[in-house]
Amino acid sequence: MRVFDSTADMKRWAWEHRLEGKSIGLVPTMGYLHEGHISLVRRARAENDLVVVSLFVNPTQFGPGEDLERYPRDPEGDERKCAEAGANVLYMPTAAQLYPPGFQTYVEVDKVSRPLCGASRPGHFRGVATIVLKLFSIVQPSAAYFGRKDHQQLQVITTMVRDLDLNIRIVPCETIREKDGLAMSSRNAYLASHERRQAVCLYQALLEARRLFNDGERSAERYLRAMRERVEQEPDARIDYVSLVDPETLEDLQEVQDRAVAALAVKIGSTRLIDNMLLEGRT
Ligand code: AMP
């Protein structure tokens with residue numbers, strides 16, 4: 001596996017291999033890799049000639065007072081995990097290279113960036129869309145792999161690719177969970193053991209929503225109430241949002257028909273966690 005910290009080296013490698021007609025799968029990450037990330041790398045491995053994993057803690061997607069400085073890092077461990085999962089390149093650029101003095105161009109994906117995490121983290125998805133478009137132009141992938149755990153991010157990227165006519169296939173990948181159902185996340189490392197036990201409330205709230213959906217419940221308010229009640233059982237949990245939205249537009253639903261996404265963001269102590277579940281095809 002090659003490791004590039006230089007963007008010029010990354011571009012040259014991508015250019016040479018695209019000229020040879022090779023397909024490149026890109027997995028963008030912020031590092032501190034876990035099985036969720038690795039599942040994306042494996043999927044990319046299975047569907048492309050070559051796989052690039054990018055590792056960049058992108059400052060423009062963090063707001064003031066968020067965890068940019070203390071975001072967990074383990075570059076050596078990440079390098080080993082990427083190599084084991086069969087990546088061909090690990091691309092780890094510096095912020096100075098990607099945002100040099102004079103940088104002033106941003107991508108704004110309008111409506112789908114506004115609700116949910118966009119409401120609590122102003123500017124977050126502008127940072128995400130901008131860095132992902134930059135990674136797309138540097139790596140020139142034919143496909144890029146994103147987790148459904150970040151459902152809104154996936155919608156923002158899918159919308160950007162459609163609206164800007166980018167020739168890249170966006171591949172959504174299933175959420176990988178711990179044994180008790182907690183969605184894997186680099187931020188889980190922040191949780192003290194008493195918080196870790198409470199963090200399962202996000203998944204359990206989503207299971208409540210799934211149960212109501214399977215029972216044929218239509219009233220969105222009933223879903224929201226059941227989810228909130230489950231989260232509020234935990235002493236250190238504070239709800240940021242609990243929502244039931246259309247899977248594509250992310251607009252709030254009043255009535256649940258065939259498809260919905262239940263989504264929530266909860267602070268456990270000082271750690272903000274998100275999770276969601278697609279409700280479709282009653283079982
Ligand atoms: P991050 O490093 O948190 O920015 O995540 C990088 C990519 O991995 C994003 O596309 C995430 O949606 C995806 N991802 C993060 N956690 C999981 C998970 N538990 N299961 C599947 N994909 C995930």
Side-chain angles (χ1 to χ4, degrees), residues 25-47 51-63 66-68 70-75 77-79 81-82 85 87 90-93 95 98 109 112 116-117 121 124-136 139 141 143-161 168-191 196 199-200 202-203 206 247 261 263-265 271-278:
L26 170 66
V27 181
T29 80
M30 298 205 299
Y32 210 70
L33 302 181
H34 50 66
E35 269 305 307
H37 298 113
I38 298 306
S39 72
L40 273 52
V41 179
R42 292 209 192 93
R43 178 89 184 263
R45 173 81 273 172
E47 297 181 357
V51 174
V52 174
V53 178
S54 64
L55 192 171
F56 181 59
V57 183
N58 175 35
T60 64
Q61 71 188 67
F62 286 79
E66 290 187 353
D67 55 345
L68 173 62
R70 65 180 190 118
Y71 197 82
R73 287 162 212 256
D74 177 20
D78 290 346
E79 186 174 332
K81 288 174 193 169
C82 285
L90 175 59
Y91 170 48
M92 304 202 279
L98 292 187
V109 182
V112 286
L116 308 175
C117 290
R121 304 185 69 189
H124 171 66
F125 289 114
R126 178 187 194 243
V128 169
T130 303
I131 192 64
V132 170
L133 184 60
K134 278 174 71 75
L135 292 170
F136 286 176
V139 178
Y145 296 77
F146 292 89
R148 288 193 195 274
K149 192 209 147 223
D150 300 277
H151 178 77
Q152 188 172 17
Q153 169 170 281
L154 186 56
Q155 288 313 120
V156 168
I157 303 300
T158 306
T159 306
M160 174 179 80
V161 165
I168 297 169
R169 189 167 58 95
I170 301 302
V171 183
C173 302
E174 292 312 314
T175 301
I176 305 296
R177 299 179 178 282
E178 302 285 357
K179 276 209 183 72
D180 64 355
L182 174 66
M184 289 192 182
S185 164
S186 308
R187 289 191 168 99
N188 292 350
Y190 296 145
L191 298 168
R196 171 63 187 85
V200 72
L202 282 88
Y203 180 61
L206 294 170
V261 163
L264 73 174
T271 304
R272 185 176 178 281
L273 301 177
I274 59 171
D275 202 349
N276 71 85
M277 194 177 278
L278 178 63

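Since the structure is predicted, the reported quantities are computational estimates derived from the model, not experimental observations. Whatever order the structure lists them in is the order used to number ligands and atoms, beginning at 1.
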Out of Gln153, Met30, His37, who gets a non-hydrogen atom closest to atom 8 (O) of ligand 1? His37

May I ask you to list the atoms of ligand 1 that are less than 4.0 angstrom from any heavy atom of Met184? 16 (N), 17 (C), 18 (C), 19 (N)

Going by the order shown, which atoms of ligand 1 are within less than 4.0 Å of some heavy atom of Leu40? 7 (C), 8 (O), 10 (O), 13 (C), 22 (N)

If we count only N and O atoms by modelled type, under 3.5 Å, do the side chains of Tyr203 and Asp180 hold a donor and an acceptor together? no

Tyr145 versus Glu47, side-chain donor and acceptor atoms under 3.5 Å: yes

Indicate yes or no for a side-chain donor-acceptor contact from His37 to the backbone of His34 under 3.5 Å, with no hydrogens or angles considered. yes

Stacked cation flag Arg187 on Tyr71, 6.0 angstrom / 45 deg: no

Considering only non-hydrogen protein atoms, determine which one is nearest to atom 15 (C) of ligand 1 and report residue, atom name and distance to 0.1 Å. His34 CE1, 3.9 Å

Can you tell me which residue and heavy atom of the protein come closest to atom 10 (O) of ligand 1, and the distance to 0.1 Å? Gly147 N, 2.9 Å

Counting from 1, what ligand 1 atoms have a heavy atom of Gly36 closer than 4.0 Å? 18 (C), 20 (N), 21 (C), 22 (N)

Go through ligand 1 atom by atom and flag the ones less than 4.0 Å from a non-hydrogen atom of Thr175. 20 (N), 21 (C)

Name the option, out of Leu33, Asp150, Ile157, that contains the heavy atom nearest to atom 12 (O) of ligand 1. Asp150

Charged N to carboxylate O below 4.0 Å: is that the case for Glu35 and Arg42? yes

Would a distance-only check, ignoring hydrogens and angles, find a side-chain to backbone donor-acceptor pair under 3.5 Å from Ser186 to Tyr32? yes

Could you tell me, atom by atom, which parts of ligand 1 come under 4.0 Å of a heavy atom of Phe146? 10 (O)

Is it the case that more than 12 heavy atoms not belonging to Phe146 sit under 6.0 Å from its CZ atom? yes

Using a 4.0 Å cutoff against the non-hydrogen atoms of Thr29, which atoms of ligand 1 qualify? 2 (O), 6 (C)

How far is atom 7 (C) of ligand 1 from its nearest protein heavy atom, and which residue and atom name does that atom have? Pro28 O, 3.6 Å

Could you tell me, atom by atom, which parts of ligand 1 come under 4.0 Å of a heavy atom of Glu174? 20 (N), 21 (C)

Shortest non-hydrogen separation from Ala129 to Val109 and the atoms involved: CB-CG2, 4.1 Å

Distance to 0.1 Å, residue and atom name: give those for the protein heavy atom nearest to atom 20 (N) of ligand 1. Ile176 N, 2.9 Å

Would you say Lys134's side chain and Leu98's backbone share a donor-acceptor pair under 3.5 angstrom? yes

